[in-house]
*Asks:* 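Below is the structure I would like to discuss, written out as structure tokens.
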2 protein chains.
Amino acid sequence: MVSLRDFILGISPLSESAWQDINALFLPKQLRKGDYFITEGKTATQIGFISSGIVRAFAKGKNGQEYNKHLFTAPSFIGGYASLITGNINKINQEALTDCELLVADYNKLTGLYDKHPDFERVARKLAELFFAAKEQREIELVMLSAEERYLLFRERMPGLEFEIPLYHIASYLGVSAVQLSRIRKSLAR
Amino acid sequence: MVSLRDFILGISPLSESAWQDINALFLPKQLRKGDYFITEGKTATQIGFISSGIVRAFAKGKNGQEYNKHLFTAPSFIGGYASLITGNINKINQEALTDCELLVADYNKLTGLYDKHPDFERVARKLAELFFAAKEQREIELVMLSAEERYLLFRERMPGLEFEIPLYHIASYLGVSAVQLSRIRKSLAR
DNA sequence: AGCTAATCTTTACATAGGTTAATTTTCTTC
DNA sequence: GAAGAAAATTAACCTATGTAAAGATTAGCT
């Protein structure tokens with residue numbers, strides 16, 4: 001299990017003093033399967049770190065359809081990132097798909113450390129860059145690859161995950177209906 | 001016309017000394033319609049700022065299909081951002097769709113200024129965050145909206161652009177074929 | 001102005017994938 | 001382990017969108 005400390009240090013080095021200040025802002029929190037970490041409608045204020053468990057981030061369309069924007073597994077940050085950084089109303093929901101262990105901090109208190117700890121702002125910069133690169137990759141794959149190719153990629157990248165959560169969540173993450181994913185699986189099995 | 005200086009200051013304040021160091025790294029460059037700023041295959045090293053003109057960023061699929069990931073208009077940064085920040089091989093091409101005026105800098109020299117000018121690293125952080133938020137928005141729209149809705153949004157956001165570049169580039173940017181966009185336009189006209 | 005090439009539209013056809021509803025399978029929980 | 005709920009599959013049908021090719025229109029030269 002990767003600690004928050006190791007996770008951050010994996011991104012960029014940090015002075016011990018910066019780490020102390022950061023660590024002091026995170027408090028443990030549990031989510032039970034089905035609980036929400038954030039819901040749409042208000043500006044996001046908190047950032048979380050998943051120590052264990054699975055969380056889906058999804059957007060809701062006008063007709064009630066849901067789109068699983070991301071499936072988070074430990075270790076990773078969760079929260080309404082776009083809302084946190086822009087200050088706009090959050091439009092994303094994040095629901096625990098299993099029981100989860102989190103560490104949670106107030107985002108504004110964290111960003112308040114940037115002036116005192118430029119090495120922490122560097123972490124934030126690199127994180128934002130990594131998030132961007134991941135999004136760009138996903139965007140290209142959504143447009144350039146067939147649903148079948150996306151499914152195969154998913155199995156490579158997140159092996160086993162398809163047996164831990166309902167298939168319709170994976171379908172939504174892949175941008176297809178559950179029915180279509182079922183067809184794809186059938187045709188692959190042959 | 002927005003200068004590089006104003007563009008950067010619009011993101012986050014900057015000391016005059018930082019600006020001087022940054023500005024010294026940018027050199028003017030012209031692109032003629034059809035010229036490429038970057039092509040896939042090597043790690044990206046340069047970042048550009050468009051003072052005027054239009055550039056498309058596109059990915060190529062295995063079968064030669066192209067997907068216009070982004071249409072850049074002045075003022076904005078261009079370059080193989082994902083490659084610059086990760087150091088991975090660049091997979092994106094960027095082609096001038098009109099004659100362009102650019103300012104171009106070596107990316108490593110720029111990032112070398114972060115230690116000396118934390119206020120510039122702050123600019124970089126905020127930029128990365130904004131890029132991320134824009135990508136996320138685009139991702140959601142690609143999956144949740146119909147091609148017609150995406151086209152209408154495009155016309156709102158980039159008014160007039162559809163008359164400056166070939167329609168098939170816009171179709172590709174919207175994630176549909178030129179034929180389909182033509183059908184959409186016809187049905188809207190009625 | 002007129003020629004050529006580029007762009008856009010249209011037609012005809014094929015297909016991936018959506019929707020709905022019924023059925024089967026798997027998981028919970030008492 | 002039986003009953004009920006949740007999840008997954010299947011079938012039937014439909015639509016958006018792709019591809020290819022032909023025509024029509026527009027734009028860029030010289």
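Each chain gets a letter, A, B and so on, in the order the sequences are listed, and its residues count up from 1.
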*Asks:* Could you pull out all residues at least two apart from A:Arg122 that satisfy salt bridge (Lys or Arg N to Asp or Glu O under 4.0 Å)?
*Replies:*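 For A:Arg122, the residues satisfying salt bridge (Lys or Arg N to Asp or Glu O under 4.0 Å) (neighbours in sequence not counted) are B:Asp115, B:Glu121.
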*Asks:* So which pairs with a foot in residues 88-111 of chain B pass salt bridge (Lys or Arg N to Asp or Glu O under 4.0 Å), sequence neighbours left out?
*Replies:*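 For residues 88-111 of chain B: B:Arg56-B:Glu95.
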*Asks:* May I ask you to check whether B:Phe49 and B:Phe26 place their ring centers less than 6.0 Å from one another?
*Replies:*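 Here the rings of B:Phe26 and B:Phe49 have centres that are no less than 6.0 Å from each other.
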*Asks:* How bent is the helix from C:dT9-D:dA22 to C:dC30-D:dG1, measuring the angle between the end axes built from five pairs each, rounded to 10°?
*Replies:* 50°
*Asks:* What I'd like to find out is whether the side chain of A:Thr86 reaches to under 4.5 Å of the side chain of A:Tyr81, using heavy atoms alone.
*Replies:* no
*Asks:* Between A:Tyr67 and A:Phe58, does the ring centroid distance fall short of 6.0 Å?
*Replies:*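 Between A:Tyr67 and A:Phe58, the centre distance exceeds or equals 6.0 Å.
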*Asks:* Treating primed atoms plus P, OP1 and OP2 as sugar-phosphate and everything else as base, which nucleotides of nucleotides 5-18 of chain C get B, S or - for protein heavy atoms under 4.0 Å?
*Replies:* --SSBBBB----BB
*Asks:* Contact boundaries of DNA chain D with chain A (under 4.0 Å, heavy atoms), 5' to 3'?
*Replies:* D:dA7 to D:dA12
*Asks:* Given the rule in the side-chain contact (heavy atoms from CB on, under 4.5 Å) test, do A:Asn90 and A:Leu84 qualify, once you have shown the distances and angles that lead to the verdict?
*Replies:* CA-CA 8 Å; A:Asn90 172 52; A:Leu84 289 172; over 6 Å; no
*Asks:* So, do B:Ile54 and B:Phe72 sit near enough that their side-chain heavy atoms are less than 4.5 Å apart?
*Replies:* no
*Asks:* Of all residues at least two apart in sequence or in a different chain, which pass the salt bridge (Lys or Arg N to Asp or Glu O under 4.0 Å) check with A:Lys126?
*Replies:*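 Per chain and number, A:Lys126 pairs via salt bridge (Lys or Arg N to Asp or Glu O under 4.0 Å) with no residue.
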*Asks:* Over all heavy atoms of both residues, which pair between B:Ala178 and B:Tyr168 is shortest? Give the atoms and the distance, please.
*Replies:*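 Closest approach of B:Ala178 to B:Tyr168: CB-CB, 3.8 Å.
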*Asks:* Is the ring pair B:Phe7/B:Phe77 parallel, tilted or perpendicular, if the boundaries are 30 and 60 degrees?
*Replies:* perpendicular
